[in-house]
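Each remark here refers to the structure printed beneath this line.
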Amino acid sequence: MKVNAFDPMNIVLSGKKVLHRNFIKLIINNEEYLFQYPVITYFNHNWRNIHQLQIILNQEPISMKDCLLIDGVGKIKGEYTKNKDGYFLRLKD
């Protein structure tokens with residue numbers, strides 16, 4: 001996953017994660033996705049190359065065969081887990 005666009009005035013960097021308060025546009029499997037939710041991205045070396053995504057949603061994603069349907073975003077190949085902090089996406093290549 002690669003960060004394609006973001007709001008530089010509304011991000012908070014902390015260690016190996018970045019809070020995007022307003023939106024983030026990602027390239028996932030050569031497709032562009034716009035997340036208009038608060039999103040936390042996790043990275044190892046370069047904050048634009050992320051390995052995990054945590055999103056704060058009002059509505060739970062819908063699990064379909066090998067993909068997720070996220071309201072306002074669309075279909076993405078992967079799975080998710082939920083905890084008290086939000087939804088963690090595990091995406092498939």
Starting at [atom1] of [X], measure out to [atom2] of [Y] and round the result to the nearest 0.5 Å.
X     : Y     : atom1 : atom2 : result
Ile76 : Met64 : CD1   : CE    : 12.5 Å
Thr41 : Arg48 : OG1   : CZ    : 11.0 Å
Gln36 : His20 : CD    : NE2   : 14.5 Å
Ile50 : Phe43 : CD1   : CZ    : 10.5 Å
Ile24 : Tyr33 : CD1   : OH    : 14.5 Å
Gln59 : Leu69 : CD    : CG    : 9.0 Å

Identify the heavy atoms of [X] and [Y] that sit nearest to each other, and give their distance.
X     : Y     : result
Lys75 : Cys67 : CD-SG, 4.3 Å
Trp47 : Val18 : CB-CG2, 4.2 Å
Ser63 : Leu68 : OG-CD2, 3.9 Å

Practice item. Quickly, which of Lys17, Gln54, His51 forms a side-chain hydrogen bond (donor to acceptor under 3.5 Å, both in side chains) with Tyr42? Name it, please. Key: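 Answer to the side-chain hydrogen bond (donor to acceptor under 3.5 Å, both in side chains) test with Tyr42 among Lys17, Gln54, His51: Gln54.
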
Practice item. Return the set of residues passing side chain to side chain contact (heavy atoms under 4.5 Å, CB included) with Asn83 (not counting sequence neighbours), or none when no residue passes. Key: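 In terms of side chain to side chain contact (heavy atoms under 4.5 Å, CB included), with neighbours along the sequence ignored, Asn83 is linked to Asp85, Phe88.
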
Practice item. With sequence neighbours left out, write down each residue that passes side chain to side chain contact (heavy atoms under 4.5 Å, CB included) with Pro38, or none if nothing qualifies. Key: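 Side chain to side chain contact (heavy atoms under 4.5 Å, CB included) list for Pro38, sorted by chain: Ile56.
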
Check your understanding: Is Lys16 atom NZ crowded by more than 12 heavy atoms from other residues, nucleotides or ligands, each under 6.0 Å away?
Key ->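 More than 12 heavy atoms, drawn from other residues, nucleotides or ligands, come within 6.0 Å of this atom.
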
Point to revise | Whichever hydrophobic residues join Leu34 through chains of side-chain contacts under 4.5 Å | key: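 Besides Leu34, the hydrophobic cluster comprises Phe23, listed by chain and residue number.
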
Check: residues 2-12 side-chain donor-acceptor pairs under 3.5 Å, at least two apart:
{"unit_1": "Lys2", "atom_1": "NZ", "unit_2": "Asn49", "atom_2": "OD1", "d": "3.2"}
{"unit_1": "Asn4", "atom_1": "ND2", "unit_2": "Glu32", "atom_2": "OE2", "d": "2.5"}
{"unit_1": "Asp7", "atom_1": "OD1", "unit_2": "Met9", "atom_2": "N", "d": "3.2"}
{"unit_1": "Asp7", "atom_1": "OD2", "unit_2": "Asn10", "atom_2": "ND2", "d": "2.7"}
{"unit_1": "Asp7", "atom_1": "OD2", "unit_2": "Asn22", "atom_2": "ND2", "d": "2.9"}

Exercise for review: Please collect all ring-ring contact (aromatic ring centres under 6.0 Å, His included) contacts where either partner lies in residues 54-81, sequence neighbours excluded, each pair once.
Suggested key: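 Every pair satisfying ring-ring contact (aromatic ring centres under 6.0 Å, His included) with a residue in residues 54-81: Tyr80-Tyr87.
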
Point to revise | Any Ile40 side-chain heavy atom under 4.5 Å of Leu53 side chain | key: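 Ile40 vs Leu53: side chains apart.
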
**Study point:** Close side-chain approach of Ser14 to Leu19, heavy-atom, < 4.5 Å
**Key:**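 Sidechains of Leu19 and Ser14: no contact.
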
**Study point:** ring-ring contact (aromatic ring centres under 6.0 Å, His included) against Phe35, all qualifying residues, sequence neighbours excluded
**Key:**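 If we apply the ring-ring contact (aromatic ring centres under 6.0 Å, His included) test to Phe35, skipping adjacent residues, there are no hits.
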
